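None of the values given here were measured: they were computed from a predicted structure. Any value given below was found using the heavy atoms of this structure, including those in side chains, with hydrogens, waters and symmetry copies removed. As the structure lists them, so they are numbered: ligands from 1, and atoms in each ligand from 1.
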Amino acid sequence: MRLLKIKAVLVGAALAASTGALTACGSDGGDETDVEVKKASGLTGVAKELAEKGTITIGVKIDQPGIGFKAPGADAPEGFDIEIGRILAGALGISDDDITWVETVSDNREPFLQQGRVDLVIASYSITDDRRKIVGQAGPYYVTGQQLLVREDDKDRITGPDDLKSIKVCSVEGSTSLARVEDEYGAKPVPFATYSECVDQLQNETVDAVTTDGAILLGYAAEDPDNLEVVGDPFSEERYGVGYEKDAGGMCEFISDTLKSAEDDGTWATAFENTLGESGVETPDPPALDECA
Ligand code: GLU
């Protein structure tokens with residue numbers, strides 16, 4: 001398996017890390033997708049307001065290689081979710097310099113939207129009926145499925161979710177992954193706030209498996225290919241959506257139209273190849289988008 005290529009943009013200072021806000025102030029352009037920065041026509045409601053304001057705050061993961069990852073010393077995170085954020089910001093006429101990236105973990109995605117701490121959440125965020133009761137979710141822009149990550153030595157012993165009852169499995173609070181193995185497979189998962197903490201536990205041999213979306217696990221396996229392996233078939237369908245505040249008018253239409261254009265003009269595929277594609281995931285056909293209610 002090919003090692004994940006991490007673009008490290010080295011800067012002198014830890015840039016706003018203390019406030020929890022990660023600023024995007026330029027980059028070397030390395031693996032970034034060329035994104036058109038041009039206000040889309042027909043914006044309404046909150047989408048129009050954001051375009052007029054000219055800045056946007058986006059909640060993302062920063063410890064998931066290929067999806068949302070900030071290398072030590074880098075000035076901005078990178079990954080497929082980040083590229084989706086840049087594409088959406090671009091269609092509001094907002095360039096990289098005016099995007100503030102904020103770290104969200106699985107458990108605070110809804111509160112961050114409800115409290116207005118972020119305008120969007122793009123953070124391996126599965127669309128679910130329960131979440132749609134409290135936040136808006138447009139998409140999906142990608143579909144993956146839950147799997148298991150184990151140490152190479154265990155790959156014949158632990159092969160699927162039915163093995164989880166008898167072993168120590170780590171997953172993340174507030175995720176569909178943790179809830180599913182608990183509710184449907186009788187596991188008693190060890191909960192952490194982030195998947196990178198779970199992977200540390202796996203590498204230390206404190207737990208025997210990590211479970212979440214295959215796309216996330218492949219990113220970790222690509223970083224430690226001699227020791228870690230993704231096993232078994234996917235046992236769920238995780239449809240990644242873009243979260244926004246539930247009553248934010250105009251957002252679903254704006255997000256869906258922009259995703260559709262990016263899919264049609266090849267930007268979506270380029271973004272995928274530059275990010276998740278690097279951890280060995282084949283570029284799929286983009287999934288059909290849900291209708292806006
Ligand atoms: N996609 C799943 C979820 O939204 C698992 C990944 C995550 O926790 O970010 O819950």
Inset, instruction - Nearest 0.5 Å please: distance from the CZ atom of R131 over to the OG atom of S126. - result: 5.5 Å
Inset, instruction - Hey, could you give me the OG1/OH distance between T176 and Y125, rounded to the nearest 0.5 Å? - result: 11.0 Å
Which of the numbered atoms in ligand 1 are under 4.0 angstrom from any heavy atom belonging to [X]?
X: T176; answer: 2 (C), 3 (C), 5 (C), 10 (O)
X: T212; answer: 5 (C), 6 (C)
X: Y125; answer: 4 (O)
X: A123; answer: 9 (O)
X: S177; answer: 5 (C)
X: S175; answer: 8 (O), 10 (O)
X: I216; answer: 6 (C)
X: R131; answer: 3 (C), 4 (O), 10 (O)

Inset, instruction - Indicate whether any N or O donor in one side chain lies under 3.5 Å from an N or O acceptor in the other, for T275 and E83. - result: no
Legend entry - Side chains of T212 and S177, donor plus acceptor under 3.5 Å: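 Yes, S177 and T212 have a side-chain donor paired with an acceptor closer than 3.5 Å.
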Legend entry - Evaluation steps, side-chain hydrogen bond (donor to acceptor under 3.5 Å, both in side chains), between D265 and T267: CA-CA 6 Å; D265 71 13; T267 314; 2.4 Å; yes
Legend entry - Same cluster (ILVMFWY, side-chain, under 4.5 Å), V231 and I167: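 Yes, V231 and I167 fall within the same hydrophobic cluster.
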Inset, instruction - Decide whether an N or O pair under 3.5 Å exists between S106 and ligand 1. - result: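 Indeed, backbone or side chain, S106 has an N or O that close.
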Does only the side chain of [X] get under 4.0 Å from ligand 1, or the backbone, or both, or neither? Count heavy atoms.
X: R180; result: neither
X: R109; result: side chain
X: S124; result: both

Compute the minimum heavy-atom distance from [X] to ligand 1 and say whether it is under 4.0 Å.
X: K61; value: yes
X: D213; value: yes
X: T128; value: no

Inset, instruction - Evaluate the criterion side-chain hydrogen bond (donor to acceptor under 3.5 Å, both in side chains) for residue pair S124 and Q64; output intermediate values, then yes/no. - result: CA-CA 9 Å; S124 56; Q64 296 177 190; 3.1 Å; yes
Legend entry - Enclosure of R117 CZ (heavy-atom neighbours >12, cutoff 6.0 Å):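 Open.
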Legend entry - Steps toward side-chain hydrogen bond (donor to acceptor under 3.5 Å, both in side chains) verdict (D63, S196): CA-CA 6 Å; D63 70 329; S196 53; 2.5 Å; yes
Legend entry - Aromatic ring proximity F80/Y240, centre distance under 6.0 Å: no
